[in-house]
Amino acid sequence: MKKHWLHGPETGLMLIEMALVVVLMGIILGPVLHLLATHDRKEQVSRELHARRHILEALEGFVLATGRLPCPATQPNGMESRSGDACTASAGWLPTSTLGLWGVDGKWKIAVATLAQAGEPAQNALVSDQPFSDISPQQLAEVIMAPTTANFNTGSGPLPAIHLCQLSQGNPVPAASLPGCGVHPLLSVSAVWVAYPEGDALNKDRHQQFFINPDHAAPNPVWLSFERMNWLWMKRGSLDTFYIQEN
């Protein structure tokens, strides 16, 4: 059997036609693929924002119900890990089971300020079942607010709160092992609880300093300030039911 090969003008025309098909496919599929990628990114951002909102709602509900901050869990989707009135670790996994946060998209890690450097009696006041048993709100406010976090490195001084930093583009981010915000502005002087996505490259392996990137809202950490927590504590007291006995 003889094999017939295309050659001459026919071969050139076929190659030109194939090249035209490839170019046309690129022109047609390029915008389609871009739209699909943009749609997927929007879906991811929407899921992360939804998760952040539910985490904050669950956290504030927990503070209202218990009067304290939840401790980290030792494993994903677990219960908080506590020993008496103290957290067994200042950083770990979001205690999904404790907060009742089933169905939240992705895995989240957390860090909590326990005021360990403040010493007794304030040492575990933020995570104590009876936060006011050994220290009054006024005393705790004095420990938290004077002097402010900006005057001390993380983990030193009378205020061992978490540093929440605003990322300034073009400046290097300090190593996770270093305290403070480096050259970046301090965003909150009294952040006491932070949750962040497990895959957040910017805040990976950070325990006492976290960066918020204003250009990318979705991956940014969820955080609670002491002022907000104190307001929730006070609101919790106003929710108590009082019964009036008739004479």
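Values below: all heavy atoms of this structure, side chains included; hydrogens, waters and symmetry mates excluded.
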Within the side chain of Thr88, is there an N or O that forms a donor-acceptor pair under 3.5 Å with the backbone of Ser81? yes
When clusters are formed by joining ILVMFWY residues with side-chain heavy atoms under 4.5 Å apart, either directly or through shared neighbours, do Val183 and Leu186 land in the same one? no
Determine, step by step, whether Ser190 and Met229 satisfy the side chain to side chain contact (heavy atoms under 4.5 Å, CB included) criterion, reporting the C-alpha distance in whole Å, the side-chain angles of both residues, the deciding distance to 0.1 Å, and the verdict. CA-CA 10 Å; Ser190 63; Met229 182 178 178; over 6 Å; no
Salt bridge between Arg68 and Glu80, side-chain N to carboxylate O under 4.0 Å? yes
So which atom in Ala113 and which in Leu126 form the shortest heavy-atom distance, rounded to 0.1 Å? O-CD1, 2.7 Å
Would a hydrophobic clustering, with Ile, Leu, Val, Met, Phe, Trp and Tyr connected at side-chain separations under 4.5 Å, put Leu94 with Met79? no
Can you tell me if Asp105 uses its side chain to pair, donor with acceptor, with the backbone of Glu48 under 3.5 Å? no
In the single-linkage hydrophobic clustering (I, L, V, M, F, W, Y; side-chain heavy atoms under 4.5 Å), do Leu232 and Val127 co-cluster? yes
A side-chain contact here means heavy atoms from C-beta on lying under 4.5 Å apart; do Leu202 and Tyr196 qualify? no
Before you tell me yes or no, could you show the steps for Val63 and Arg228 under side chain to side chain contact (heavy atoms under 4.5 Å, CB included), namely the whole-Å CA-CA distance, both residues' side-chain angles and the distance that decides it to 0.1 Å? CA-CA 10 Å; Val63 174; Arg228 178 65 176 172; over 6 Å; no
I need the minimum non-hydrogen distance between Ala73 and Pro95, along with the two atoms involved. CB-CA, 3.9 Å
Least distance between heavy atoms, Pro72 atom then Ile110 atom: CA-CD1, 3.5 Å
Give a yes or no answer on whether the side chain of Ser83 reaches the backbone of Ala86 with a donor-acceptor pair at less than 3.5 Å. no
Above 12 or not: heavy atoms from other molecules or residues under 6.0 Å from CD of Gln169? yes
Looking at OG of Ser128 and CZ of Arg82, how far apart are the two atoms once the value is rounded to the nearest 0.5 Å? 7.0 Å
Co-membership, hydrophobic cluster, residues Leu69 and Leu56, 4.5 Å side-chain: yes
For the pair His184 and Phe211, name the ring-plane relationship: parallel under 30°, tilted 30 to 60°, perpendicular over 60°. perpendicular
What distance separates His216 NE2 from Leu167 CG, expressed to the nearest 0.5 Å? 9.0 Å
Full working for side chain to side chain contact (heavy atoms under 4.5 Å, CB included) between Asn220 and Asn213: CA-CA 6 Å; Asn220 289 336; Asn213 186 351; 3.8 Å; yes
Interatomic spacing from CD in Gln75 to CG in Asn77 - rounded to 0.5 Å: 8.5 Å
Looking only at heavy atoms, the pair that brings Leu59 and Pro70 closest together is CD1-CD, 3.5 Å
Does any non-hydrogen side-chain atom of Glu60 lie less than 4.5 Å from one of Leu224? yes
Considering all heavy atoms of both residues, which atom of Asn124 and which atom of Asp85 are nearest to each other, and what is their separation? CB-O, 3.3 Å
Can you check whether Trp102's main-chain N or O pairs, donor with acceptor, with Thr96's side chain at less than 3.5 Å? no
Ala51: partners by side chain to side chain contact (heavy atoms under 4.5 Å, CB included), with sequence neighbours left out: Val104, Trp108
Can a donor-acceptor pair be found, under 3.5 Å and without considering hydrogens, that links the side chain of Trp223 to the backbone of Val194? no
Heavy-atom donor-acceptor pair, Trp93 side chain to Lys107 backbone, under 3.5 Å: no
Heavy-atom closest contact (Val112 atom, Cys87 atom, distance): CG1-SG, 4.1 Å
Treating Ser168 as the side-chain partner and Asn171 as the backbone partner, does any N or O pair qualify as donor plus acceptor under 3.5 Å? no
Say you draw a straight line from CZ of Phe226 to CD1 of Ile162; how long is it, rounded to the nearest 0.5 Å? 14.0 Å
